[in-house]
Structures are given as structure tokens and as C-alpha cells.
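To start, the structure under review is shown below, and the notes come after it.
Chain letters run A, B, ... following the sequence lines, proteins first, then strands; residues in each count from 1.
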Amino acid sequence: MDIPGIISCDDELRHWPADEARARAVQDRLRAHVRLDEPGPEPGFEGTVVGVDVAYDDARDVVAAAAVALDARTLAVVDEATAVGPVSFPYVPGLLAFREIPTVLDALARLARTPGLVVCDGYGLAHPRRFGLASHLGVLTGLPTIGVAKNPFTFRYVPPGPERGDTSPLLDDGTPRGEPEEVGRALRTQRGVKPVFVSVGHRVDLDRACAHTLRLATSYRLPETTRAADSLCRRALAGI
DNA sequence: GCGACAG
DNA sequence: ATCTTGTCGC
């Protein structure tokens, strides 16, 4: 596919941080490129919604990434791609992107079409430095991205109502002035089931991020994009 | 210093 | 994320 690339991916990968301090500095630098002023594609837009995910085998130092493209209107799978690579960074809360992004970019590059929206497994704005993996992937590729996570990380939320589509704010209480800040939303995608945690990545607003997530979570708690990508990267890892 | 902590 | 069997339920 064609990567619009707000930031040159190749350049960024050559300068991949060697330690945690440099990784945080990279986040602080790239954060300025996040665009929060665009609504993003409408749910059901003409194009593809792409789910990305990775699976690890730390013992063999291997990470497998998958990108699965669904037709945004019908949710039918129209393309799939995988990539494998070395585990380039340890797991450190707040630095997850450095572990996943290089291989995810390889998988994305193998798709035939440019995604209209990328759905990540994790956070975007809901991050200690407001630059989670969805933001990071968005800035490197220039693509609209959102983050859908299974856990609230360090943030607080009051459980949303019990019905599908009910939401409540995801709050950061650790702000400098002590005033809670909404960094995302808890979204109930199935009646009576634990919510997912949605945050903005790049070039999509929170309302649309939630609308897309709900539309993609047709029958299960998680969006079909995430389910498909999770399944594919596991199969890819098992096949090595 | 201690505990918590997306995947 | 990953280590891991059976088991309860629709």
C-alpha cells in the first residue's frame, strides 16, 4: 500500500531508541504531530477498516504482526497480511509502541490498499504522555487511527450503563492541576459485558472512534478487526 | 521507597 | 502478551 507518512517511517526506524529514556524523548517529539482536529471517516465509509495486532515468542525473540482489512460497509474480510521480526524492545508500560510498531508497519505495507482507518489493540491519547501506540502508528503512517483496549490501564472510569452502546468517560486523575481529564471512553459493546476502552489515535475524534468500535463489535465484546488480526498473528507465529 | 501498569 | 484443562452454558 501507499503510506502517506506524516513522518518518514524508514527514518524513524533507523533512529529506533536504544533505551527507555530515548523512547520517551521520541514520544515527546512525535506527539506534536498528532492531529485531533479531524472528525475522521464516517462509520460505513467507502474503504477498508484495518485491524492490527501482534503475538510474541520472547524465547525465540520473534514477534508476528497481522493486518486484516475489512470492507467498512459490509465488514467482510477483503485482505490480509502478516510480517515477522525480532522483538525490538522490552515490554514497559507506556512504551508498548516500540515493541509492536516496526513489525506492524511491515504487515501494513503488504496490504494492497491504503486503509481508511486503522484499529489498534491498546491506547492512543489515553497514555501517560498522551501518545499511545495508536497515536504513534498514526503519526508514522499519516493514517487515521484509534485505540481499543481491553483494560483501563492506569485510568479510572465509572462503569457505563448495561446496554450495548452505553459509555462513560475514561479519566486521568494524575494531571498536574489535579483536575480529572477525559482521555477516552469506556464503551459497552455487548449488553452486560465488560466495556472496552476507546481512545483517539490520529485524525479521528472520540465520537467517531466509539461509533466505529460499536459498529465493528457486532457479536462479541471486541471489534471484528481486532479479533481477525489477533487470530491471524497467532496463526502466523505458530507457523514459524 | 512501594505498588500499579495497554500488550 | 504468555504459561495452561477442564468445564459450565447458550
Side-chain angles (χ1 to χ4, degrees), chain A residues 20 23-24 26-27 30-31 34 51-68 82-105 107 118-139 145-157 169-175 181-187 189-202 206 209-210 213 218-223 225-240:
Chain A
E20 296 183 21
R24 292 190 182 90
V26 168
Q27 291 180 328
L30 294 184
R31 187 178 48 224
V34 173
V52 294
D53 194 17
V54 301
Y56 303 98
D57 184 339
D58 284 299
R60 290 190 296 169
D61 189 45
V62 171
V63 54
V68 180
T82 61
V84 296
V87 180
S88 55
F89 212 85
Y91 172 67
V92 179
L95 300 179
L96 181 63
F98 296 95
R99 208 167 147 76
E100 310 206 334
I101 280 190
T103 315
V104 165
L105 286 173
V118 179
V119 180
C120 300
D121 211 2
Y123 282 123
L125 251 190
H127 178 273
R129 286 170 297 286
R130 302 292 181 269
F131 196 72
L133 69 93
S135 317
H136 202 142
L137 186 64
V139 167
T145 60
I146 66 174
V148 180
K150 298 182 277 296
N151 299 291
F153 199 11
T154 61
F155 305 110
R156 172 175 67 87
Y157 73 104
L170 183 64
L171 302 168
D172 184 355
D173 291 323
T175 58
E181 182 177 317
E182 182 179 44
V183 294
R185 233 169 250 169
L187 167 65
T189 55
Q190 298 294 330
R191 181 178 191 160
V193 171
K194 175 179 175 175
V196 296
F197 303 91
V198 179
S199 59
V200 162
H202 182 58
L206 187 53
C210 289
T213 302
T218 51
S219 312
Y220 299 91
R221 177 182 175 230
L222 297 176
T225 38
T226 300
R227 289 168 42 77
D230 179 76
S231 165
L232 181 57
C233 67
R234 287 185 202 231
R235 277 178 277 141
L237 188 63
I240 296 173

Glu182(A) and Tyr157(A): side chain to side chain donor-acceptor pair (under 3.5 Å), yes or no, with the steps? CA-CA 10 Å; Glu182(A) 182 179 44; Tyr157(A) 73 104; over 6 Å; no

Tell me: OH of Tyr220(A) to P of dC10(C), nearest whole Å? 16 Å

Please determine whether a side-chain nitrogen of the Lys or Arg among Lys150(A) and Asp121(A) lies less than 4.0 Å from a carboxylate oxygen of the Asp or Glu. yes

Let me see the working for Arg221(A) and Gln190(A) under side chain to side chain donor-acceptor pair (under 3.5 Å), right down to the final yes or no. CA-CA 6 Å; Arg221(A) 177 182 175 230; Gln190(A) 298 294 330; over 6 Å; no

Report yes if at least one side-chain N or O of Lys150(A) is closer than 4.0 Å to OP1 or OP2 of dG7(B); otherwise report no. yes

Presence of Asn151(A) side-chain N/O under 4.0 Å of dG7(B) phosphate oxygens OP1/OP2: yes

Taking all non-hydrogen atoms of both residues into account, name the closest pair between Thr145(A) and Gly138(A) and its distance. CG2-CA, 3.6 Å

Is a side-chain donor or acceptor of Asp58(A) paired with a backbone partner of Asp61(A) at a separation under 3.5 angstrom? no

Phe153(A) has an atom CZ; how far is it from atom P of dG3(B), in whole Å? 18 Å

Looking at every strand, decide which applies to Gly147(A) at a 4.0 Å heavy-atom threshold: base, sugar-phosphate, or nothing. nothing

Measure the distance from OH on Tyr123(A) to C1' on dA1(C) and round it to the nearest whole Å. 16 Å

Using a 4.0 Å heavy-atom cut-off, does Ala55(A) contact any base of the nucleic acid, only the sugar-phosphate backbone, or nothing at all? sugar-phosphate

Does a side-chain N or O from Tyr56(A) land closer than 4.0 Å to OP1 or OP2 of dG7(B), or not? no

May I have the distance from Tyr157(A) (atom OH) to dC5(B) (atom P), rounded to whole angstrom? 12 Å

Please classify the nucleic acid contact of Asp57(A) as base, sugar-phosphate, or nothing, using heavy-atom distances under 4.0 Å. nothing

Within this structure, what is the CZ-to-C1' distance between Arg234(A) and dC3(C), rounded to whole angstrom? 12 Å

Distance-only, no hydrogens or angles: does the Asp57(A) side chain make a donor-acceptor pair with backbone N or O of Ala59(A) under 3.5 Å? yes

Mind running salt bridge (charged side-chain N to carboxylate O under 4.0 Å, His left out) on Arg156(A) and Asp172(A) for me, showing each step along the way? CA-CA 7 Å; Arg156(A) 172 175 67 87; Asp172(A) 184 355; over 6 Å; no

Euclidean distance, atom CG of residue Asp61(A) to atom C1' of dA1(C) [Å, nearest integer]: 15 Å

Can you pull out the residues from residues 96-104 of chain A that lie within a 4.0 Å heavy-atom distance of DNA chain C? none

Measure CZ/Arg130(A) against C1'/dA6(B) and give the value in whole Å, please. 14 Å

Expressed in angstrom and rounded to an integer, what is the separation of Tyr91(A) atom OH from dA4(B) atom P? 14 Å

